[in-house]
Amino acid sequence: AHYDSPTEAFHAFYGDVFTVCPTQTWAAVSSEHMDVRTYLWTRHIEATPPPALWGAYHGVELPFIFGTYQDLLSEDEAAMGAYVREAWVSASTGTPSAGGLEWPLYEPETNQWMVLDLIPELQSEIRSAELCEFLHENGWPDI
């Protein structure tokens, strides 16, 4: 009921099972020993067909991060690319931010993620709280 189509629901499920939940587990374990920040990339490139089907696939962030293939990006996406590059650079200084929004350390208690899209935002329990919990309780090997 949360999705417009079975395909969209499957893509969300697949992303959660193979990316979001394992990342959440790794972040929780690693944050006990080092600084960890989590993010979820939600932006697709508008000019690439068919964006509704591909969505925010693995690797779509590369033109934003490295400033390559800028002719594919809309004006808003190019602006996003600028803030994302600044975020990656600011992470090396120890005071990371994305689009002026402070990028906090990951804490399992709050489970905050930086959601990267045209406008960055912080979210807790992104999409998959119940699914990740279900997987962990039933022995899904994600670490």
Side-chain angles (χ1 to χ4, degrees), residues 1-91 95-143:
H2 298 282
Y3 301 96
D4 293 335
S5 71
T7 300
E8 187 180 325
F10 174 78
H11 287 169
F13 172 77
Y14 187 90
D16 287 348
V17 168
F18 292 103
T19 303
V20 175
C21 294
T23 300
Q24 182 176 295
T25 300
W26 276 105
V29 170
S30 299
S31 67
E32 296 176 14
H33 307 285
M34 65 183 74
D35 290 350
V36 174
R37 289 176 172 80
T38 52
Y39 72 92
L40 176 67
W41 191 277
T42 59
R43 188 73 196 162
H44 63 272
I45 297 175
E46 290 177 6
T48 57
L53 178 60
W54 290 0
Y57 57 88
H58 180 69
V60 74
E61 73 280 7
L62 296 178
F64 295 87
I65 294 170
F66 294 109
T68 56
Y69 303 105
Q70 293 297 290
D71 55 322
L72 292 177
L73 303 182
S74 69
E75 189 174 313
D76 289 338
E77 291 168 337
M80 178 188 172
Y83 93 65
V84 167
R85 287 188 294 280
E86 287 177 21
W88 261 240
V89 170
S90 72
T95 56
S97 64
L101 187 59
E102 183 181 337
W103 194 340
L105 290 173
Y106 182 82
E107 297 176 348
E109 300 78 31
T110 60
N111 194 19
Q112 279 196 317
W113 293 57
M114 179 68 71
V115 178
L116 298 173
D117 206 323
L118 294 179
I119 299 172
E121 63 179 309
L122 289 173
Q123 286 185 13
S124 295
E125 302 297 335
I126 55 168
R127 287 197 334 261
S128 56
E130 294 86 16
L131 175 60
C132 291
E133 191 173 301
F134 172 81
L135 293 172
H136 293 298
E137 288 173 358
N138 290 282
W140 183 256
D142 65 356
I143 64 168

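- In this structure, the side chain to side chain contact (heavy atoms under 4.5 Å, CB included) partners of F134, at least two apart in sequence or on a different chain, are N138.
- In this structure F10 satisfies the ring pair (Phe, Tyr, Trp, His ring centres under 6.0 Å) test together with Y14, sequence neighbours excluded.
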For V84 and W41: C-alpha separation, side-chain torsions, deciding distance, then whether side chain to side chain contact (heavy atoms under 4.5 Å, CB included) applies. CA-CA 11 Å; V84 167; W41 191 277; 3.9 Å; yes
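- Between Q112 and Y106 the shortest side-chain heavy-atom distance does not fall below 4.5 Å.
- Among residue pairs with one or both ends in residues 21-39, none qualify as salt bridge (Lys or Arg N to Asp or Glu O under 4.0 Å); sequence neighbours excluded.
- The two residues P120 and G99 make their nearest non-hydrogen contact at CG-CA, 4.0 Å.
- Remark: T68 engages P63, F66 in a side chain to side chain contact (heavy atoms under 4.5 Å, CB included) (not counting sequence neighbours).
- For the pair M114 and L122, the minimum side-chain heavy-atom distance is below 4.5 Å.
- For E86, there are no side chain to side chain contact (heavy atoms under 4.5 Å, CB included) partners at least two apart in sequence or on another chain.
- For Y39, the ring pair (Phe, Tyr, Trp, His ring centres under 6.0 Å) partners at least two apart in sequence or on another chain are W88.
- Here the shortest heavy-atom pairing between E77 and H44 reads OE2-O, 3.1 Å.
- Here the closest non-hydrogen pair linking S90 and S97 is OG-N, 3.1 Å.
- For residues 100-118, the salt bridge (Lys or Arg N to Asp or Glu O under 4.0 Å) pairs, not counting sequence neighbours, are R43-D117.
- The side chain to side chain contact (heavy atoms under 4.5 Å, CB included) test applied to S5 returns T7, E8, not counting sequence neighbours.
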